[in-house]
Amino acid sequence: MAKVCQLFSGSSGNSIYIGTNNGGILVDIGVSAKRCEAALRGLGIQPESIKAVLVTHEHRDHIAGLRVFAARYKTPVFASPATMEEMRFTGIVNNTVSSYELNSVLDLGDMFAESFHNSHDAAECVGYKISIAGGRIVSVCTDTGYVTDEAKNAVSGSDLVFLESNHEVSMLQNGGYPYPLKRRILSNQGHLSNEDASQFAKELLQSGTTRFVLSHLSRENNIPEIARQYAVNAFNEIGAKENSDYRLYVSKPVNDRGFIIL
């Protein structure tokens, strides 16, 4: 049995828990260590049981609490080579943290993690595919301007996917963000729109994915109901029925749902 939970989501901080009865991992710690600890304990998880932290990239909303948490609980940190180099250069990872570059499949006992490249304006942004004993696969595909071929190949066939659905294009274009920031978000190294996310979700459903968590929604340029409806409309195009062919969740900035059980 696998248990997953988006602890935090969005520009104010991101963190995902993936675990089994033998412990779990975190993908990113983008809030303070104190908040992360409280969120874990609120779910009945002791922070010291975390086997590893996998980092997607070095932006603050993904690593804000990383150093303190990892040093406090002696939790090993894994990241792509360029991301690790950047974190070491900036002091996010120092000699108080056990840190490792992830170049191949990471064996975590009853879980195996492998990374794939996304397209984002970071040193080397990656997503993760987590294969769990018993055959379940959970993937994290966020912070990407478009879905790369590498990501498509890696994520296809996952049981559950955390998928970025960051913005509604018209809201972003007509909103109050300065033009350079709008251009960044809309670029191929920015963030995935509702429309692009929904079309990829449709492909994933056809490849066997049955559970979707829409993640990293912008508070300013998106509305959860709109992001959700894009996905539902895309699934309707292929005749898929909610709660029969798939389950769809939308992450809130702070988790209030508890676990999704696989």
Side-chain angles (χ1 to χ4, degrees), residues 1-6 9-10 14 16-18 25 27-28 54 56-57 105 111-120 125-169 188-218 222 224-252 257 259-262:
M1 182 181 70
K3 301 184 293 185
V4 300
C5 178
Q6 178 114 44
S9 178
N14 298 272
I16 293 170
Y17 173 84
I18 302 169
I25 64 171
V27 177
D28 295 330
L54 309 183
T56 59
H57 63 295
V105 177
M111 292 188 280
F112 297 86
E114 52 190 308
S115 65
F116 54 86
H117 286 92
N118 284 328
S119 178
H120 195 51
C125 187
V126 300
Y128 290 100
K129 174 183 176 181
I130 313 298
S131 301
I132 302 166
R136 297 295 192 179
I137 299 174
V138 176
S139 292
V140 179
C141 185
T142 63
D143 293 79
T144 191
Y146 71 99
V147 182
T148 65
D149 289 341
E150 189 176 337
K152 288 182 179 181
N153 291 335
V155 174
S156 178
S158 298
D159 294 284
L160 181 150
V161 177
F162 290 90
L163 179 62
E164 176 171 62
S165 192
N166 177 257
H167 59 276
E168 165 55 34
V169 172
N188 279 347
Q189 291 188 305
H191 290 279
L192 211 60
S193 69
N194 290 335
E195 182 174 1
D196 290 340
S198 66
Q199 291 306 305
F200 183 43
K202 181 171 66 174
E203 293 179 27
L204 289 172
L205 181 59
Q206 292 172 308
S207 79
T209 301
T210 58
R211 301 198 185 198
F212 302 84
V213 184
L214 302 182
S215 301
H216 213 306
L217 273 68
S218 169
N222 211 347
E225 291 77 12
I226 292 177
R228 191 179 203 286
Q229 194 59 52
Y230 263 91
V232 170
N233 289 345
F235 295 148
N236 287 342
E237 291 173 6
I238 55 175
K241 304 298 183 183
E242 187 169 5
N243 298 322
S244 174
D245 300 309
Y246 68 89
R247 293 185 183 275
L248 178 64
Y249 310 89
V250 181
S251 288
K252 294 184 177 181
R257 181 185 296 113
F259 292 118
I260 299 172
I261 306 296
L262 292 176

- Query: Taking it one step at a time, do F212 and F235 satisfy ring-ring contact (aromatic ring centres under 6.0 Å, His included)?
  - Reply: CA-CA 11 Å; F212 302 84; F235 295 148; 5.0 Å; yes
E164 side chain to D143 main-chain N or O, any donor-acceptor pair under 3.5 Å?
yes
Rounding to 0.5 Å, atoms CZ (F116) and OG (S139) come to a distance of 5.5 Å
Compute the ring centroids of F162 and Y249, then answer whether they are less than 6.0 Å apart. no
- Indicate the ring-plane relationship of F259 and Y17, choosing parallel, tilted or perpendicular according to the 30° and 60° boundaries. tilted
May I ask you to check whether N233 and E237 show a side-chain donor-acceptor distance below 3.5 Å?
-> no
Here the gap from N153 atom CG to K129 atom NZ, rounded to the nearest 0.5 Å, amounts to 9.5 Å
Between the main-chain N or O of Q6 and the side-chain N or O of R257, is there a donor-acceptor pair closer than 3.5 Å?
no
#### Entry: Pair Y146-Q189, side chain to side chain contact (heavy atoms under 4.5 Å, CB included): steps then yes or no
CA-CA 7 Å; Y146 71 99; Q189 291 188 305; over 6 Å; no
Test item: side-chain donor near acceptor, H117 and E150, under 3.5 Å
yes
Is S198 reaching over with its side chain to a backbone N or O of N194, donor-acceptor style, under 3.5 angstrom? yes
message = Given 3.5 Å as the limit, does a donor-acceptor pair link the side chain of T144 with the main chain of V147, or not?
response = no
- Derivation and outcome, side chain to side chain contact (heavy atoms under 4.5 Å, CB included), residues N118 and C141: CA-CA 8 Å; N118 284 328; C141 185; 3.9 Å; yes
Taking the side chain as C-beta and beyond, is there a heavy-atom pair between V155 and T209 under 4.5 Å? no
Between L163 and A197, the two heavy atoms sitting closest are CD2-O, 3.4 Å
Point to revise | Under 3.5 Å donor-acceptor, S193 side chain and V169 backbone | key: no
dist L204:CG -> Q199:CD (nearest 0.5 Å) comes out at 11.5 Å
- Query: Checking S119 side chain against N188 main chain: does a donor-acceptor pair fall under 3.5 Å?
  - Reply: yes
Next on the checklist: Is it the case that the side chain of N222 and the backbone of S218 share a donor-acceptor pair, with hydrogens and angles ignored and the cut-off at 3.5 Å?
Outcome noted: no
- Message: Using the rule given for side-chain hydrogen bond (donor to acceptor under 3.5 Å, both in side chains), can you reason through E168 versus Y230, listing the C-alpha separation, both sets of side-chain angles and the distance that settles it, and then say yes or no?
- Response: CA-CA 10 Å; E168 165 55 34; Y230 263 91; 3.0 Å; yes
**OP:** Give a yes or no on whether the backbone of L217 and the side-chain of N166 come within a donor-acceptor separation of less than 3.5 Å.
**Re:** no
Review point. Does a side-chain heavy-atom distance below 4.5 Å link L160 with V4?
Key: yes
| Going by an N to O cut-off under 4.0 Å, is there a salt bridge joining R247 and E242? | no
| said: Taking the six-membered ring for Trp, are H216 and H191 closer than 6.0 Å centroid to centroid? | reply: yes
**Q.** Any side-chain heavy-atom pair of N14 and T142 under 4.5 Å
**A.** no
So NZ of K241 and OH of Y246: to nearest 0.5 Å the spacing works out to 9.0 Å
Smallest heavy-atom separation, G145 atom then L192 atom, equals O-CD1, 3.9 Å
Output for pair (I238 CD1, E203 CD), nearest 0.5 Å, gives 10.0 Å
For V161, is there any backbone N or O sitting under 3.5 Å from a side-chain donor or acceptor partner on S158? no
query = Under 4.5 Å between any side-chain heavy atoms of V138 and L262, yes or no?
reply = yes
The reported gap from CD1 in I18 to CD1 in I130 (rounded to nearest 0.5 angstrom) is 5.0 Å
